Amino acid sequence: MNPEGPHVAGNEKYIRSSVRYVLTYVKMAKNDQISFLPSEWIPKKPQFLVWWTGTLGQAEWLITHSTKLRGRAVAAKCSSNLDGVPDTLRPLFALEQPDLLISNAEGSPLLSIEITEQQEFGLNGQQRMARFWSALASGVPSAYLLPIESYQIEKAAVSDRRIVDESNISLREFLLNAAVLRDVNGASLWRSGIRSRTHLLEAIEDGSLPVKPKVLKSVHRFVSDHINRSGDLARLPAIPPEEYLHDIDGTLYKIYLRSPRVTTSMLLHWMRVASSVTPTYPFKLQSQAEWMFRTNGTLHTLEDKKHPHLSFRNLLPAPGSSEIVNRRTKRDELQLFIDMVDSVVQGKVVPSLGREIFTETDRLFPKAITSEWRSHATSAHDVTTAGSADLSCTAKTLRDVLSCLRYTSSDRLTSEIHSLCSHLDEFHIYKIRCNVTRSLADPYSGVLAVRDILFCRKPATSYLADLTKFRRTAGLVFYVELREEGARAHTFLHQALKRIYSRLIPTGRTADPIDQIIELASTVRAEQIPKDIRSHLVLSDLIIVNRVEGKTSKAEVLVGLPHLIRRGLVKTTSPLVKSLTV
Amino acid sequence: MNFSEEHVTRAMARKLVLEGWEIVAVHPPDGQGPFVIPKPPLSRAIERASYHPDIVALREEKRGNSTKLLLVECKLHEGDLDSDIDKLTELSKSRQSLLFALFRCQQFTGGPKTAIDYEAISTLPTSELPIVFAVAAMGKTTSSTKLSRIGEFDCFKYLFGGKDLEKI
């Protein structure tokens with residue numbers, strides 16, 4: 001990548017406006033903007049800007065630790081309404097806003113960065129993936145710094161209380177040892193004659209543990225990864241058994257090692273697939289057992305004597321100060337991340353940096369994990385009775401699902417659905433069943449972005465090179481089943497669309513939801529559409545909202561932008577589609 | 001020069017280090033807080049409603065051979081501290097939240113050197129728990145004063161003049 005701005009080559013207007021903007025920004029920065037960087041590091045004519053939406057500290061951490069940015073870059077605050085952000089950068093913020101975005105002074109985006117310290121629970125890890133989708137759509141590299149695994153403290157289960165209450169001290173100690181290994185039943189093993197930690201570990205090692213083969217394999221793996229800590233990938237140390245359970249004022253808590261699961265495997269595989277086109281790299285924020293009680297193991301820069309301006313800002317540790325995760329690379333994750341930053345900033349090809357280790361078979365995940373990503377629905381019944389689920393199905397099954405639902409269809413909608421099901425043989429249905437009145441923005445924007453790449457496109461460069469043409473091999477369906485209060489009060493989708501249409505296009509007269517989408521696409525940019533429906537319309541071929549109250553139900557069905565683009569009803573030159581890419 | 005709450009937080013952390021406190025965690029404005037204290041009642045196993053103190057610090061007290069936990073809330077303007085004092089007052093009334101904060105700083109094999117002997121303190125009456133509160137803001141001049149107690153605990157107010165904030 002050329003940092004001089006290949007993305008805007010030929011677009012002199014953008015370049016001139018961006019340069020003007022940057023010069024204005026720098027002038028403003030001197031007068032009004034807050035910076036903790038040493039004054040000698042703030043360039044008079046910056047070559048790069050680090051746009052931030054999270055905290056200023058993150059931007060200044062990055063500038064400090066990248067020798068290619070230090071003295072050449074300034075931090076630029078990005079307001080939530082994107083005021084002041086050059087047009088050339090807005091596509092990176094079109095669906096969601098990344099924590100950090102590095103651009104050059106001409107306004108070309110260079111690297112989109114996301115940082116989260118929170119370990120994944122449910123889908124929150126995928127929540128941010130729409131930001132990477134935007135980067136991928138524009139051919140801009142991205143980096144995701146996340147724990148992947150970490151320590152967690154939460155209320156213990158009733159079965160854990162039985163361990164604490166056990167009066168036989170030897171048995172209690174044994175049960176604690178078994179509990180931290182997970183997957184095995186300590187009481188059962190005790191009854192089988194295994195009575196000590198040593199005996200337990202020996203039985204795991206020699207394969208004589210009296211458990212099912214699948215469990216034995218899993219626990220053997222756990223011991224190898226978290227107790228012996230062998231192999232190329234540094235996993236976190238297991239919780240010491242004596243620290244597993246704690247009574248806090250009568251409430252029993254457990255501290256445990258939370259390992260990555262299905263949703264994290266999807267996220268990491270997504271990044272691997274995306275990297276076949278544009279470097280899209282995960283970096284593991286390596287926790288440390290010493291801090292498991294205080295910060296769930298997360299490391300921070302507290303006092304930095306070398307760079308005092310980074311002290312006491314809850315920032316990531318300095319590169320080179322954490323345990324090496326990929327032992328093949330001999331560099332810690334933050335050093336590798338800075339290597340990526342420096343490569344991008346210099347316009348060099350970004351090396352793989354050992355990122356493939358996170359998706360190698362039987363490394364973080366068993367080979368069979370991909371079979372847990374979704375199940376195949378062979379009938380409409382499979383779909384309509386499923387709770388929240390990922391389902392694949394044929395076009396015929398999708399038609400059958402629609403015929404089961406009670407919704408008002410116009411000739412127009414019927415025709416579009418017919419067209420959709422005629423052109424695509426397969427569909428991926430992402431279904432949620434909920435009783436909520438809150439916005440359906442998070443985490444579903446990211447969740448849909450994940451499914452677009454993983455399930456709806458061939459893993460071939462041609463399918464990923466031009467994302468906004470939505471050349472899909474399978475259609476994407478967002479299926480919302482709203483229950484009870486949610487069914488009564490939630491305005492997703494027609495009502496919300498109507499409200500947004502009226503607000504964004506006050507002169508608009510159409511009452512047809514499909515025409516409302518088409519008119520919005522030809523009038524507004526993606527980021528102008530509220531998050532409540534934005535990514536859903538942009539990424540879904542079909543949206544189904546089924547409201548269920550007691551035994552009655554009523555549905556809404558609407559085709560989304562990908563289908564309308566493929567049909568030629570929304571042009572790829574329309575403001576909305578153009579706003580998705582640089 | 002413009003100042004932000006982050007200036008106050010950082011000035012306070014630096015001041016505490018000079019006073020012999022060890023900083024455990026800092027929670028910047030708009031950032032993610034690493035030191036989470038669940039609020040009672042806990043309705044779910046996953047922590048949701050919670051306190052995220054701006055600064056958490058520990059200090060070994062020479063007198064009494066004990067370790068104290070300091071929880072600090074910061075604001076840019078002194079006039080905005082009332083809401084922080086209310087927040088700390090609410091926290092001070094929850095024995096379980098206070099014990100949870102102390103638990104997070106407990107001694108254990110392989111853990112940090114400065115730490116709370118949780119087993120020893122967990123049986124103490126709430127009024128004797130080794131906890132101190134503080135609030136901090138920008139002021140005309142730099143000063144520290146002892147406020148009336150928050151619940152059963154001492155509370156201090158730190159103000160930082162512009163010159164001291166500039167040094168950060």
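Everything quoted here is computed from the prediction, not taken from an experiment.
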- With a 4.5 angstrom heavy-atom cut-off, which part of A:E303 approaches chain B: side chain, backbone, both or neither? side chain
- Query: What part of B:F3 is in contact with chain A, defined as an atom under 4.5 angstrom from a non-hydrogen atom: side chain, backbone, both or neither?
  - Reply: backbone
- Message: So that I can tick it off, tell me whether B:K113 and B:E22 are bridged by a salt bridge, with the cut-off set at under 4.0 angstrom between side-chain N and carboxylate O.
- Response: no
- Could you have a look at A:Q58, A:E117, A:H246 and say which one has the most heavy-atom pairs with chain B under 4.5 angstrom? A:H246
- Item | Residue part contacting chain A, namely of B:A101, when any heavy atom lies under 4.5 Å | neither
- Side-chain donor-acceptor contact under 3.5 Å, A:T295 with A:H300: no
- Considering only heavy atoms, which portion of B:S4 lies under 4.5 Å from any heavy atom of chain A: side chain, backbone, both, or neither? both
- Message: Between B:S92 and B:E152, do the side chains contain a donor N or O and an acceptor N or O under 3.5 Å apart?
- Response: no
- Item | Region of A:I115 that comes under 4.5 Å of a non-hydrogen atom in chain B | backbone
- For chain B, which of A:L302, A:I255, A:L56, A:D247 has the most heavy-atom pairs under 4.5 Å? A:L302
- Item | Residue part contacting chain A, namely of B:L16, when any heavy atom lies under 4.5 Å | neither
- Query: Where on B:V17 is there a heavy atom nearer than 4.5 Å to chain A: the side chain, the backbone, both, or neither?
  - Reply: side chain
- Message: For B:E61, is there an ion pair with B:R59 - N to carboxylate O distance below 4.0 angstrom?
- Response: yes
- Within 45° of the ring axis of A:F36 and under 6.0 Å from its six-membered ring centre, is that where the NZ or CZ of B:R10 lies? yes
- cation_pi(A:R182, A:Y256) dist<6.0 Å, angle<=45: no
- Query: What's the verdict on salt bridge (Lys or Arg N to Asp or Glu O under 4.0 Å) for A:R162 and A:D165, showing C-alpha distance, side-chain angles and the deciding distance?
  - Reply: CA-CA 5 Å; A:R162 287 193 210 112; A:D165 291 344; over 6 Å; no
- Query: Does any heavy atom of chain B fall under 4.5 Å from the side chain of A:S311, the backbone, both, or neither of them?
  - Reply: both
- Query: Any chance the side chains of A:R235 and A:N228 put a donor and an acceptor closer than 3.5 Å?
  - Reply: no
- Query: Can you tell which of B:H27, B:M12, B:H7 has the highest number of heavy-atom pairs within less than 4.5 Å of chain A?
  - Reply: B:H7
